[in-house]
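In each ligand, atom 1 is the first atom listed, and ligand 1 is the first ligand listed.
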Amino acid sequence: MRAYQITSNKGIDSLQLSDIKCGDPGPGEVKVRLRASSINYRDLVTVEDPDARGLALPFIPNSDGAGEIMSVGRGVEDFFVGDRVMTCFFQDWLNGEITSSVMNSALGGALEGVLRETGIFKKDGLIKSPGSLSDIEAATLPCAGLTAWHALVEKGRVIAGDTVLLLGTGGVSLFALQFAVMHGALPIITSSSDEKLERAKALGAWKTINYVDNPDWSNEVLTLTGGAGVDHVVEVGGAGTLAKSIESTKIGGNIYLIGILANGEVNPTALMRKSLNLHGIYVGSRAMFERMNKAIDANNLRPVIHQTFAFEEAKEAYRTMRLKQHAGKLVIDMGAQI
Ligand SMILES: NC(=O)c1ccc[n+]([C@@H]2O[C@H](COP(=O)([O-])OP(=O)(O)OC[C@H]3O[C@@H](n4cnc5c(N)ncnc54)[C@H](OP(=O)(O)O)[C@@H]3O)[C@@H](O)[C@H]2O)c1
């Protein structure tokens with residue numbers, strides 16, 4: 001089978017398509033024909049700088065895959081040949097709180113990733129794909145989808161009428177927008193592009209703010225919320241946006257710390273004065289994934305896919321992400337059939 005491997009620290013150009021052996025599944029394992037893989041910002045950073053993660057090269061990147069089962073090992077009773085499945089970002093996080101051993105089971109990080117035609121996984125490291133989604137769509141869920149769901153729904157218990165602030169129109173933020181709309185909340189979304197904001201409106205955004213034209217976007221959020229601030233912020237910018245996110249949040253509100261897209265400094269005093277709740281979110285468990293899939297099927301949610309790339313053009317997907325011209329997900333098609 002063919003797989004992309006990071007072969008040096010020379011960035012995207014170091015990705016090489018190689019022929020690799022993939023054997024048969026052992027007891028408790030499942031062999032999957034992977035049909036699609038979406039990329040996340042973290043995968044781009046891994047490809048660009050494998051040394052920062054201390055990866056032994058060559059190394060297969062990406063955490064998010066979808067496909068169908070080719071064969072099952074002894075003792076696997078809950079999966080059958082032909083079942084459509086997705087990979088779980090953390091292969092060992094089944095339910096409950098995250099632990100340090102769970103953190104050592106991330107695909108495309110601690111473990112080799114899924115930018116490959118076939119792979120063998122522990123049965124609990126896979127989950128059935130929502131029946132309503134294609135393989136291309138399902139491949140967007142394991143990291144960006146689940147992270148947004150974990151933040152707003154599992155941790156935040158978002159309810160109808162809550163105000164939610166989303167930063168930019170990347171993969172996590174657009175899933176968070178869709179989950180906010182699904183729950184009847186009022187999403188405010190920012191972007192550097194008016195065109196992307198129009199797309200966000202079509203997805204149900206309540207209000208939009210161009211953060212380039214309006215660098216004091218937290219004042220605009222306060223105006224839009226009658227001076228109170230929002231109930232929830234899905235914070236993907238990190239240190240560079242956190243100070244303004246804190247200004248944008250109502251007293252006692254929630255900030256979900258997810259990303260690190262922008263550099264800057266934060267003074268924690270306002271966090272304390274406003275009695276804010278700052279939650280670190282790291283993807284999510286298999287149990288959360290199951291609940292999210294049910295909600296996706298029940299509400300007919302379709303992930304927003306900006307562009308799909310042929311397997312042979314996978315490098316272009318990472319280059320496109322680096323240009324930040326996308327809104328939603330970038331997916332590599334590895335022979336998707338459905
Ligand atoms: N903790 C976790 O479990 C977890 C899971 C997934 C992702 N993440 C992290 O979350 C972040 C987003 O990931 P992603 O996959 O959604 O990335 P992505 O799809 O590449 O999103 C990039 C978009 O973010 C927006 N952006 C960039 N800088 C911004 C800024 N200063 N202010 C506001 N928006 C800004 C831009 O939107 P516009 O073009 O609209 O301006 C950009 O297009 C990354 O840091 C990633 O590592 C963490």
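The six-membered or imidazole ring of Tyr211 lies away from that of Trp217, with a centre-to-centre distance of 6.0 Å or more. In summary, the aromatic rings of Phe90 and Tyr282 are positioned with their centroids under 6.0 Å apart.
For the atom pair CG (Leu115) and CD1 (Ile6), the distance works out to 9.5 Å, reported to the nearest 0.5 Å.
Screening Arg84, Arg33, Arg35 for a side-chain hydrogen bond (donor to acceptor under 3.5 Å, both in side chains) involving Asp135 leaves a single residue, Arg84.
Taking the ring-ring contact (aromatic ring centres under 6.0 Å, His included) definition, one finds that Tyr4 meets it with Phe311, sequence neighbours left out.
The aromatic rings of Trp149 and Phe179 lie perpendicular to each other, with more than 60° between the two planes, well past the 30° mark.
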I'd like the atom pairs linking ligand 1 to the protein - N or O on both sides, separation under 3.5 Å - with distances to 0.1 Å.
from: ligand 1; atom 1: 1 (N); to: Ile258; atom 2: O; distance (Å): 3.0
from: ligand 1; atom 1: 1 (N); to: Ile281; atom 2: O; distance (Å): 2.8
from: ligand 1; atom 1: 3 (O); to: Val283; atom 2: N; distance (Å): 2.7
from: ligand 1; atom 1: 15 (O); to: Tyr41; atom 2: N; distance (Å): 3.4
from: ligand 1; atom 1: 16 (O); to: Gly171; atom 2: N; distance (Å): 3.1
from: ligand 1; atom 1: 16 (O); to: Val172; atom 2: N; distance (Å): 2.9
from: ligand 1; atom 1: 19 (O); to: Gly171; atom 2: N; distance (Å): 2.9
from: ligand 1; atom 1: 19 (O); to: His326; atom 2: NE2; distance (Å): 3.0
from: ligand 1; atom 1: 20 (O); to: His326; atom 2: NE2; distance (Å): 3.2
from: ligand 1; atom 1: 37 (O); to: Thr169; atom 2: N; distance (Å): 3.3
from: ligand 1; atom 1: 39 (O); to: Lys196; atom 2: NZ; distance (Å): 2.7
from: ligand 1; atom 1: 40 (O); to: Thr169; atom 2: N; distance (Å): 3.0
from: ligand 1; atom 1: 40 (O); to: Thr169; atom 2: OG1; distance (Å): 2.7
from: ligand 1; atom 1: 40 (O); to: Ser191; atom 2: OG; distance (Å): 2.6
from: ligand 1; atom 1: 41 (O); to: Ser192; atom 2: N; distance (Å): 2.8
from: ligand 1; atom 1: 41 (O); to: Ser192; atom 2: OG; distance (Å): 2.7
from: ligand 1; atom 1: 41 (O); to: Tyr211; atom 2: OH; distance (Å): 2.6
from: ligand 1; atom 1: 45 (O); to: Ile260; atom 2: N; distance (Å): 2.9

